[in-house]
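Inspection log for the structure reproduced underneath, given as structure tokens.
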Amino acid sequence: MNDRMKAAEYLFDELGLISDSIVAEAMLVSIPAAGRKKISLRRAVSAIAAAAVIITLSLGVFAVGLMRDKNEAEDGVTELEAQSLEELLVGAQSGGVVRVHSSAEAVGLFDGQTKLIWQSESDGEYYSLTLTRNDDVARLNGALRNTYAEAKSVESGEVPDIRVWISYGDGKVVSPYLKKSEGNVGYGELFGYSPEILPSEELTELTRDLISE
């Protein structure tokens, strides 16, 4: 009897996640008590088996979750979800949807295409994302309206290491880091500027979608 009780205790210790009440119930199989009906061995074994199944299923779900998180990280999805506009653009510089330009003149500001353009201070080159769908252009315009409406000021620790512009393909150029005013609109050039406001979340989401295509 002692060997059977020790074996039951060891099994429950190994499972670890079984409640104390189930442990006590199973151990009663081997401990006679006056005035108390003994629990059948079959019931104890059934309780143990059911608990083992629950633990196995829980571990399986946990493992699947870990694999999904790993796959998403490898695909770049998880990283993208946590990034700012600046981080998204810098991280996308080697992606297939991004074009690299050696100079501002090579970007093309009169080609009829709406583009998101940026320059990284680390290498000095220019990069661009072309918006080919009308709904993306509409989202861009909505994101700019929200940027101007929110007008979140750039704090000293938030100054980006890149310059960002939006070209409409007709020579007109603006930046989502500048307030809306006539003085903040360029024509035929990617002008220098000092950041005044932060882009809206909508612009970050649009950029994430464009990069993920």
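All of these numbers come straight from a predicted model, not from anything done at the bench. Computed over heavy atoms, backbone and side chain alike; hydrogens, waters and symmetry mates excluded.
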Leu88 vs Thr204, test: side-chain contact (heavy atoms from CB on, under 4.5 Å). Steps then yes/no. CA-CA 8 Å; Leu88 281 173; Thr204 302; 3.6 Å; yes

Stepwise side-chain contact (heavy atoms from CB on, under 4.5 Å) test for Leu129 and Val98: CA-CA 5 Å; Leu129 272 171; Val98 175; 3.9 Å; yes

Steps toward side-chain contact (heavy atoms from CB on, under 4.5 Å) verdict (Ile117, Leu109): CA-CA 10 Å; Ile117 306 166; Leu109 304 179; 3.9 Å; yes

Set out, in order, the CA-CA distance, both residues' side-chain angles and the distance that settles side-chain contact (heavy atoms from CB on, under 4.5 Å) for Leu116 and Ile166, then state yes or no. CA-CA 5 Å; Leu116 185 64; Ile166 294 170; 3.9 Å; yes

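The aromatic rings of Trp118 and Tyr127 sit parallel to each other, their planes meeting at less than 30°, with 60° as the upper class boundary. Aromatic ring orientation, Tyr193 versus Tyr177: parallel (interplanar angle below 30°, classes split at 30° and 60°).
Ser128 and His101 get closest at one heavy-atom pair: OG-NE2, 2.8 Å. Of all non-hydrogen atoms in Lys179 and Glu196, the two that sit nearest each other are N-OE1, 2.9 Å. Heavy atoms only, all atoms of each residue included: Leu190 and Ala104 are closest at CD1-CB, 3.9 Å. Scanning all heavy atoms of the two residues, the minimum distance from Ile197 to Pro176 falls at CG1-O, 3.8 Å. Minimum interatomic distance between Arg163 and Gly192 (heavy atoms only, all atoms of both residues): NE-CA, 4.1 Å. Taking both residues in full, the closest heavy atoms of Val185 and Phe191 are given as C-CE2, 4.4 Å, listed atom of the first, atom of the second, then distance.
Asp170 has no carboxylate O lying under 4.0 Å from a charged side-chain N of Lys172, or vice versa, which leaves the two without a salt bridge.
Residues Val97 and Leu210 have side chains not in contact (no heavy-atom distance under 4.5 Å, counting atoms from C-beta outward).
Checked against the 6.0 Å centroid criterion, the rings of Tyr168 and Tyr187 do not qualify as a close aromatic pair.
To the nearest 0.5 Å, atom OG of residue Ser175 and atom NZ of residue Lys180 are 14.5 Å apart. The CD atom of Glu189 lies 12.0 Å from the OG atom of Ser167; values are rounded to the nearest 0.5 Å. Note that CD of Gln119 and CH2 of Trp165 are 5.0 Å apart. Values are rounded to the nearest 0.5 Å.
Between the Ser200 side chain and the Ala143 main chain, a donor and an acceptor come within less than 3.5 Å of each other. Formation of a donor-acceptor pair under 3.5 Å by the Ser120 side chain with backbone atoms of Ile162 is not found in this model. With hydrogens and angles ignored, the 3.5 Å screen pairs no side-chain donor or acceptor of Glu125 with any backbone N or O of Val100.
Each of Val164, Asn146, Leu140, Leu198 was evaluated against Leu203; a single residue qualifies, Leu140, per the side chain to side chain contact (heavy atoms under 4.5 Å, CB included) test.
Residue-environment remark: CG (Asp135) exceeds the threshold of 12 foreign heavy atoms within 6.0 Å.
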